[in-house]
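Note that this is a predicted model, so its numbers are computed, not measured. Numbers restart at 1 for each chain; the letters A, B, ... are given by sequence-line order, proteins then strands. The figures that follow rest on heavy atoms only: side chains count, while hydrogens, waters and symmetry mates do not.
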Amino acid sequence: MMNQTSSALQAFIKFRFRGNSITNSFLVHFQLGLGLGFGPHKASLHSNVGEHAPSMLGKIRNLDGALNLFDEMIQRRPLPSVIKFNQLLTVVTKMKHFTCSLDLFNQMCSLGIPVDKYSMNIVIKCCCQLYRTNDGFAVLGCCFRRAIAPDVFIFSALLDGLVIEDKILEAEKLFKKLIKQKLCEPDVVMYNTMIKGLCKFGNNVTAIALLRLMEQTNCKPDVFTYNTIIDSLCKDKLIDDAFKLFKEMVYKKGFLPNVITYTSLICGLCNLGRWDEASKVLKEMEDEDISPNVQTYSVLVDAFCKEGKVEEAEAVINIMVERGNVPNIVTYNSLIDGYCLRGEMSKAMAIFDSITLRGLVPNVVTYSALLNGYCKNLNIERAMQMFREMTQKGLKPNEVTYTTMLQGLFQVGHCVAACKLFDEMHAQGQIPNDFTYGIILNGLCNNHQVEEALSLFQLVGDSKLNSNIVVYNILIDGAGKCRKVDIARNLFHDLIGKGLQPDVQTYSVMINGFCREGLLMEAKQLFLKMDESGCPPDNVTYCVFLQGYLKNKHYDNVEMLLQEMDGRGYSLDATTLSMLLNQIAAKSLDRSMLKLIGKLVPKELIDEPGLSA
DNA sequence: GTAGGGTTAG
């Protein structure tokens, strides 16, 4: 499996980025593209702003400039028209200074400038972008009071606000209400906003249904509509559905896919390890004269890094730079993560140091990757140092940062520090999710603090966090390891009483617990129950059970279990295999079993010198 | 003459 991925990967990089000839043709292509106007558009866009905006507006370079202009405008008599003010608000909003825009708007109101629906739209948009959609609706109320009829722009901004705040049900309600009560005629942007919301919640089916609905109205879907759904399908690993929609968009509807369409598809394919196809799509987009952008390249960089192919990732970065793209913090974060995952911390730190020299600012993701690297290397002091450094720089650790740090602290047995950090996480208003909760329970169990884990479990009580089978798997395993099989047994009954379904891991840890105490009959009963319950034992279950028999010197059932494993196409793990061989050497098991055992040795183990003897 | 939407990272 690993080799297959690697060779596809190699083919991929060779095909795209090896040898000068290919690279050169790439370059020629790019330079041609520049000449034909396919190059960076940003510079030309900027000068356009100047052409169309009033002279003073065009000179605004930063927030201060905008504020100075505002001050100057409010001195003039007569006051400039609301249009001029709206234009200024737009500039400030585009710079993402939403709070500032709101402030300016308030000043406009107190100066008696007759704000209109354009101003209102900007204000509502600012509220929504600040996660203050409720305030946005309050402004809508002001619209009605001022006899400003809200239009599709205003309602779309509000709908988007609800989507941003994950209030998908409210978004759907608003959308339906607008249509039913004919408050406004939804246009393509509004449909696309609703579709984006549905996709965000993994509701691809409804999103596609809405796309079909659009086809029956005057408001036809556009490339945005298709891109949104294609991206969502890619994210949900429904890549074949994504391609179906892609083909429909191109061949049936005649839309030209753009760099975003292709980036989504390439990302989806990379995430599934389908490198050859990703390579094909990359070639196809270039054949269509669509140049990959920073994001496209970053997808490739990230994919290579996740496969441990950091050198290839660096090669991609070199190519993108040659082709005039500037790698950003996201690109470098992937690279840092790649080195960290390989434990090459000095290289990761070298990249980290180069980031500042390039005028980029490390963010929470950068730091999280590094402290994850240090934690994995069990260098908890350095990890803690990075953690402090990031908070000193005013970066707020997020859920991932805390979880990484917690895992690291538990791994080196610093339970007290871990608990302290957990309290801090709480104090910072970060709510632990399933994953963090699991890390903590597991950390406590692995550090002989099962009682602590159990009291946390009691404390959490009937919350949703405790309705996860993983929680029980951790605790049953933890209790078993501490020789508290009664507690493990109770937990097992508990989860069934709660209506939770034990999974193969639950059974395995419970069987392991029984075997550890020599309760082979109970272990066997549970083992037999697995098939009946539609949860057949896997490789691990068999190995655990076999080890239980061997440790308890019960040799009668070993051969039968081995035969069953053979029948199911399973194989032995290294530990179980060596235990079996030891027992044969000690003549506790008959040599005749060697043939059967030989069939159960996985291929990977045959090449290992230590075991082939 | 002014206002709105889509892609990437742990």
*asked:* Is the distance from the ring center of Phe175(A) to that of Tyr191(A) below 6.0 Å?
replied: yes
_Does anything in residues 189-227 of chain A come within less than 4.0 Å of DNA chain B? Heavy atoms only, and list the residues if so._
Val189(A), Met190(A), Asn192(A), Lys196(A), Asp222(A), Phe224(A), Asn227(A)
*Remember a base hit wins even if backbone is also touched, and classify Val301(A) as base, sugar-phosphate or nothing at under 4.0 Å, heavy atoms.*
nothing
*Base, sugar-phosphate, or nothing: which does Asp337(A) touch, judged by heavy atoms less than 4.0 Å apart?*
sugar-phosphate
*Between Lys376(A) and Asn372(A), does any side-chain donor sit less than 3.5 Å from a side-chain acceptor?*
yes
Please tabulate, one pair per line, all N/O donor-acceptor pairs under 3.5 Å involving side-chain atoms of residues 255-264 of chain A, not counting sequence neighbours.
| from | atom 1 | to | atom 2 | distance (Å) |
| --- | --- | --- | --- | --- |
| Asn258(A) | OD1 | Asn227(A) | ND2 | 3.2 |
| Asn258(A) | OD1 | Ile260(A) | N | 3.0 |
| Asn258(A) | OD1 | Thr261(A) | N | 3.0 |
| Asn258(A) | OD1 | Thr261(A) | OG1 | 2.8 |
| Thr261(A) | OG1 | Asn227(A) | OD1 | 2.7 |
| Thr261(A) | OG1 | Asn258(A) | N | 2.9 |
| Thr261(A) | OG1 | Asn258(A) | O | 3.3 |
| Tyr262(A) | OH | Glu284(A) | OE2 | 3.4 |
| Thr263(A) | OG1 | Val259(A) | O | 2.6 |
| Thr263(A) | OG1 | Thr296(A) | OG1 | 2.9 |
| Ser264(A) | OG | Asp231(A) | OD1 | 2.9 |
| Ser264(A) | OG | Ile260(A) | O | 3.3 |

*Where the side chain of Asn258(A) is concerned, which of dG6(B), dA3(B), dT8(B) is the nearest nucleotide?*
dG6(B)
*Among side-chain atoms of Tyr339(A) and Glu314(A), is any donor-acceptor pair under 3.5 angstrom?*
yes
*Among the candidates dA9(B), dG4(B), dT7(B), find the nucleotide nearest to the side-chain atoms of Asn363(A).*
dA9(B)
*So, does the side chain of Ser156(A) form a donor-acceptor pair with the base of dG4(B) at under 3.5 Å?*
yes
*Using a 4.0 Å heavy-atom cut-off across all strands, classify Asp187(A) as base, sugar-phosphate, or nothing.*
base
*Compare the aromatic ring of Phe153(A) with the six-membered base ring of dA3(B) and state whether they stack according to the 5.5 Å and 30° rule.*
yes
*Note: Lys244(A)-Glu248(A) ion pair, threshold 4.0 Å (strictly below)*: no
*Not counting sequence neighbours, list each pair that qualifies as a side-chain hydrogen bond (donor to acceptor under 3.5 Å, both in side chains) and has a residue in residues 160-175 of chain A.*
Thr133(A)-Glu165(A), Asp160(A)-Lys196(A), Glu165(A)-Lys167(A), Asp166(A)-Lys200(A)
*Select one nucleotide: of dA3(B), dT7(B), dT8(B), the one nearest the side-chain heavy atoms of Val299(A).*
dT8(B)
*asked:* Let's see if you can work this out: which of dT8(B), dA9(B), dG4(B) has an atom nearest to the side-chain heavy atoms of Lys235(A)?
replied: dT8(B)
*If you check the Lys125(A) side chain, which of dA3(B), dG4(B), dA9(B) turns out closest?*
dG4(B)
*Is the base of dT2(B) touched by the side chain of Gln87(A) through a donor-acceptor pair closer than 3.5 angstrom?*
no
_pair Pro150(A)-Phe155(A): side-chain heavy atoms closer than 4.5 Å_ = yes
*Whole-Å distance between dT8(B) P and Ile329(A) CD1?*
18 Å
